[in-house]
Amino acid sequence: MNLNQKVTQFLANMPSKSISPKMLATNLGLADDADTYKNLLKTIAHLEESKAIEVTAGGNIALPQPEAAVIEGTFSANPRGFGFVRVGENEPDVFVKRGNTKFAMNEDVVEVKVTSPANPLKGNEAEGKVVAIKTRAVTGLVGEFYAFNEAEKQDSGSLLGYVVNKNKKIPFRTNISKKGLHPEVGDIVRVDITHYPDRDFPDILQGLVVEIIGKSTDTGIDVLEVLESMGIPSEFPEDVIAEANAVPEEIAEKDIIDRVDYRNEITFTIDGADAKDLDDAVHIKALANGNIELGVHIADVSYYVPEGSALDKEALNRGTSTYVTDRVVPMLPERLSNGICSLNPRVNRFTQSCVMEINADGHVVNYKISQSVIKTTERMTYSDVNEMIAGNPEFLEKFANISESVTQMAKLHANLLAMRARRGSIDFDTQESKIIVDKLGKPIDILVRKRGIAEMMIESFMLIANETVARSFATRELPFIYRVHEHPKADKLTRFIDFASVFGIPLQGTPEKMASKDLQDFMLKIKGQPGEIVLATMLLRSMQQARYDEDNLGHFGLAAEYYTHFTSPIRRYPDLLVHRLIRAESKPTSEVIEHFEAIIPEVAQQTSSRERRAIDAERAVEAMKKAEYMESYVGTEYEVTISSITRFGFFVSLPNTIEGLVHMSTLGDDFYNFNERDLTLKGERTGKVFRMGQPIKVKLIKSDKITGDIDFEHVNSELDVVEAVEKGSRGDRGGRDTRDKRPDWKKNKDKKPFYKQGRKSDGKK
């Protein structure tokens, strides 16, 4: 019997579920000889690799449990060490505890063993353990190079130093081999990974430097580092630039043949003052039957970006443009996005048009989708149009040629808004920030973005065009890419309903059958209430994430039966694909249908992933710049609102959208119990309560640009809420019971509470 057989036979016959390698060696009589013990460890490693045995979180070994299902999915990492495995769009995610990830990194394709199935009735999610990593998603990273300290240098061997990157989902230090380039301290470098974390080196990657991007002190390098660390390229490959440069700068008359000509319509763009890629224009006119004709004309990017070209492949790889503070990382080279594909004023431009006849109820009763050509009358800004809508005579006179159109558009917008409200569209009126930076990229102000009627009006027109295009394909049952937003998961809605009940605001419907109309009614009920922003934020977090799919699953948030993205092909690849589908499927053949049926699912998955990456990058840069802005305000006191409560403290938000943490360790006046049901923290002795939506006073104690963390401490004030403490009742009701662990406050006043051990979190998602 060889050693492999001896190990597996012993594990099969032992009474306990698992055993340590040392105890196994003792039982097999292999513990006395060092070489024999090393051979046993090699055998264990081989058996684990072949999945004949498994290693537990505590380092013990055991036979695999046959009843546990093993499924393949994509690992989504959390900076705190745990993660989730996405196993399918219609399947629940599998939660993986810290220590059970097998050192998987974000977006790795893994095999996960389900150790505890989901129980929707109890609100429990599926839990599992990663047993194999099939494909590594992260093969390189970008970060700042540091030298080893003196103690580390002695053991460095073939290593130069290490790199720290700003992608929080890669929470590992990367040691740098001498085989690559040799950077200097403070250089921002690109690294190819040669070794991933394992049991022997659990917190370390290893790689070699392949490019020195710049110095950490260079202007704008901080934003570039974040983008590059998340795999968002800032430069286009040479073949892509060559194709873009080959595109003509003007339209030839001979190319207009077979296009619907809308150049005689009063058509204009409405965008932000600093916008350069103008990809949508509109026209409007009253019809003899009392209905309104609305034309939405979108830049025909697909005409210049043929399928399979270098431009097309790079656009698909990027998936979307990424917008961060002082720059845009475009999906397409600027020669296209700001040139021939931009609907600049008073020049011929190729478009794809969705011209709709809309009745007084806001319903589309007729439409025409076509390849077209336009010549815009004006290049308008949101602020100018808002002035016109407000009746400012100066602007009405300045833009007299479009004033009637603007008046009609404002009325149509009101009708479309009312139509969406009637069917149950949910309006999340969340606050967005605008970070103002100087020429050196340093933030000098944080403002709240304001949306006027002009902004909402254009949004209404784009929404109705997107719906109309999606309907045209769904009714013809042709291959298509939809923008879908599925019904919220029952467990998340259950938690939200429970939370809302604490505020005394009931919801109609059940978690399984909740209609968007029910949630819309809820939003109307909380309008103007003290907890409006908190409740709206909690509801938004209960929603599923919108994504792209080949199947028409509807859009829950918009209460729309059909929806797609058609209106921004310069900055979103799905819109570009929709334009390509409109052209290709105007006269569909079996070959065309089979081709798109084959590619659309992969495109949908890729672009959904790239969208999430862009959002992560935008949030990371925003957090960094907000923290940098607040660095000069350390010591300042603020009146703020509690935005969320956790086991380790609570987050507060300033009126300008800046958010920071009040950590439990700073609440030194009492021991606070966390109540998971109503998300509150309550002091055992004082009865002081912290709950979401509550105004309090805080002082800024730390702001770290590197990590993006902003920390406050609570300041006693008249805003504090104190409730009665039940006599003889201590400890946590609904949360965790830590009475035996906490210090005696009277006898140990000078000792630190047990939780003053640094920032911690055992939360999930």
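- Here the options are R547, R483, R572, R571, the test is salt bridge (charged side-chain N to carboxylate O under 4.0 Å, His left out), and the partner is E611; only R483 passes.
- Residues M409 and F461 have side chains in contact (heavy-atom distance under 4.5 Å, counting atoms from C-beta outward).
- Taking 4.5 Å as the limit, some side-chain heavy atom of L478 sits within range of a side-chain heavy atom of P588.
- V324 has its side chain out of reach of K625: every pair of non-hydrogen atoms, C-beta onward, lies at least 4.5 Å apart.
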TODO: Give the intermediate values and the outcome of salt bridge (Lys or Arg N to Asp or Glu O under 4.0 Å) for residues D239 and K313.
DONE: CA-CA 11 Å; D239 58 342; K313 291 176 181 177; over 6 Å; no
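- Counting only heavy atoms from C-beta outward, the side chains of L463 and Y563 approach each other to under 4.5 Å.
- Salt bridge status for K626 with E659: absent, with no side-chain N to carboxylate O gap under 4.0 Å.
- Between the side chain of N466 and the backbone N or O of M462, at least one donor-acceptor pair lies under 3.5 Å.
- Around CD of E597, the count of heavy atoms belonging to other residues, nucleotides or ligands within 6.0 Å exceeds 12.
- Counted within 6.0 Å of CD on E307, heavy atoms from surrounding residues, nucleotides or ligands total more than 12; the atom is thus considered enclosed.
- Within a 6.0 Å sphere centred on CG of N245, other residues, nucleotides and ligands contribute more than 12 heavy atoms.
- Outside the 6.0 Å centre-distance limit, the rings of H565 and Y482 are not counted as a close aromatic pair.
- Side-chain N or O atoms of R349 include none that pairs as donor or acceptor with a backbone N or O of I374 at under 3.5 Å.
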TODO: Could you walk me through whether M105 and I170 pass the side chain to side chain contact (heavy atoms under 4.5 Å, CB included) test, one step at a time?
DONE: CA-CA 7 Å; M105 297 172 64; I170 308 178; 3.5 Å; yes
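- Although no hydrogens or angles enter the test, the distance criterion places a donor-acceptor pair under 3.5 Å between the side chain of N386 and the main chain of I453.
- No side-chain donor-acceptor contact under 3.5 Å links R190 to the backbone of V210.
- Distance alone, capped at 3.5 Å, is enough to place a donor-acceptor pair between the D261 side chain and the R263 backbone.
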Open item on the list: With salt bridge (Lys or Arg N to Asp or Glu O under 4.0 Å) as the criterion, how do R379 and D271 come out once you've worked through the C-alpha distance, each side chain's angles and the decisive distance to 0.1 Å?
Closed with: CA-CA 8 Å; R379 187 269 197 245; D271 292 276; 5.0 Å; no
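- Each of V621, V437, V329 was compared with V223 under the side chain to side chain contact (heavy atoms under 4.5 Å, CB included) criterion, and only V621 meets it.
- Counting non-hydrogen atoms of neighbouring residues, nucleotides and ligands closer than 6.0 angstrom, the CG atom of N264 reaches no more than 12 such neighbours.
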Task: Residue pair R327, E334: steps toward the salt bridge (Lys or Arg N to Asp or Glu O under 4.0 Å) verdict - done: CA-CA 13 Å; R327 74 192 71 179; E334 289 188 3; over 6 Å; no
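- The backbone N or O of L316 sits less than 3.5 Å from a side-chain atom of Q606, completing a donor-acceptor pair.
- Judged by distance alone, with hydrogens and angles left aside, the side-chain atoms of E243 form a donor-acceptor pair with the main-chain N or O of A310 at under 3.5 Å.
- Formation of a donor-acceptor pair under 3.5 Å by the D549 side chain with backbone atoms of V484 is not found in this model.
- No side-chain donor-acceptor contact under 3.5 Å links E314 to the backbone of V240.
- Cation-pi contact between R318 and F236: present, with separation from the ring centre below 6.0 Å and deviation from the ring axis of at most 45°.
- Not a single donor-acceptor pair under 3.5 Å links the side chain of S309 to the backbone N or O of V305.
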Open item on the list: Could you walk me through whether I298 and T351 satisfy the side chain to side chain contact (heavy atoms under 4.5 Å, CB included) test, starting with their C-alpha distance in whole Å, then the side-chain angles of each, then the deciding distance to 0.1 Å, before giving a yes or no?
Closed with: CA-CA 5 Å; I298 308 299; T351 50; 5.8 Å; no
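- Within the 4.5 Å cutoff, side-chain heavy atoms of S76 are placed close to those of N106.
- Note on D93 versus R86: no salt bridge recorded, every NZ/NE/NH1/NH2 to OD/OE distance being 4.0 Å or above.
- Judged by a 6.0 Å distance limit and a 45° cone about the ring axis, R610 is not positioned over the six-membered ring of Y573.
- In this structure, R259 forms a cation-pi arrangement with F350, its terminal cationic atom sitting closer than 6.0 Å to the ring centre and no more than 45° off the ring axis.
- A heavy-atom distance below 4.5 Å is not found between the side chains of I435 and Y629.
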- [ ] Quick one: do E265 and K285 satisfy salt bridge (Lys or Arg N to Asp or Glu O under 4.0 Å)? Show the steps, please.
- [x] CA-CA 9 Å; E265 300 291 349; K285 62 184 178 184; 3.0 Å; yes
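- Considering only heavy atoms from C-beta on, L141 stays 4.5 Å or farther from N167 through its side chain.
- Within 6.0 Å of atom CZ in R619, 12 or fewer heavy atoms from other residues, nucleotides or ligands are found, so the atom counts as exposed in its surroundings.
- Side-chain contact check for E357 versus V364: every heavy-atom pair is 4.5 Å or farther apart.
- Among the candidates K368, Q371, H297, the single residue satisfying the side-chain hydrogen bond (donor to acceptor under 3.5 Å, both in side chains) test with S353 is H297.
- Shown are T567, D575, D300; of these, the side-chain hydrogen bond (donor to acceptor under 3.5 Å, both in side chains) with Q352 is made only by D300.
- A salt bridge links K705 with D222: the closest approach of a Lys/Arg side-chain nitrogen to an acidic carboxylate oxygen falls below 4.0 angstrom.
- Other residues, nucleotides and ligands place no more than 12 heavy atoms under 6.0 Å from the CD1 atom of I266.
- We find that K169 and E107 are not joined by a salt bridge, their nearest charged nitrogen and carboxylate oxygen being 4.0 Å or further apart.
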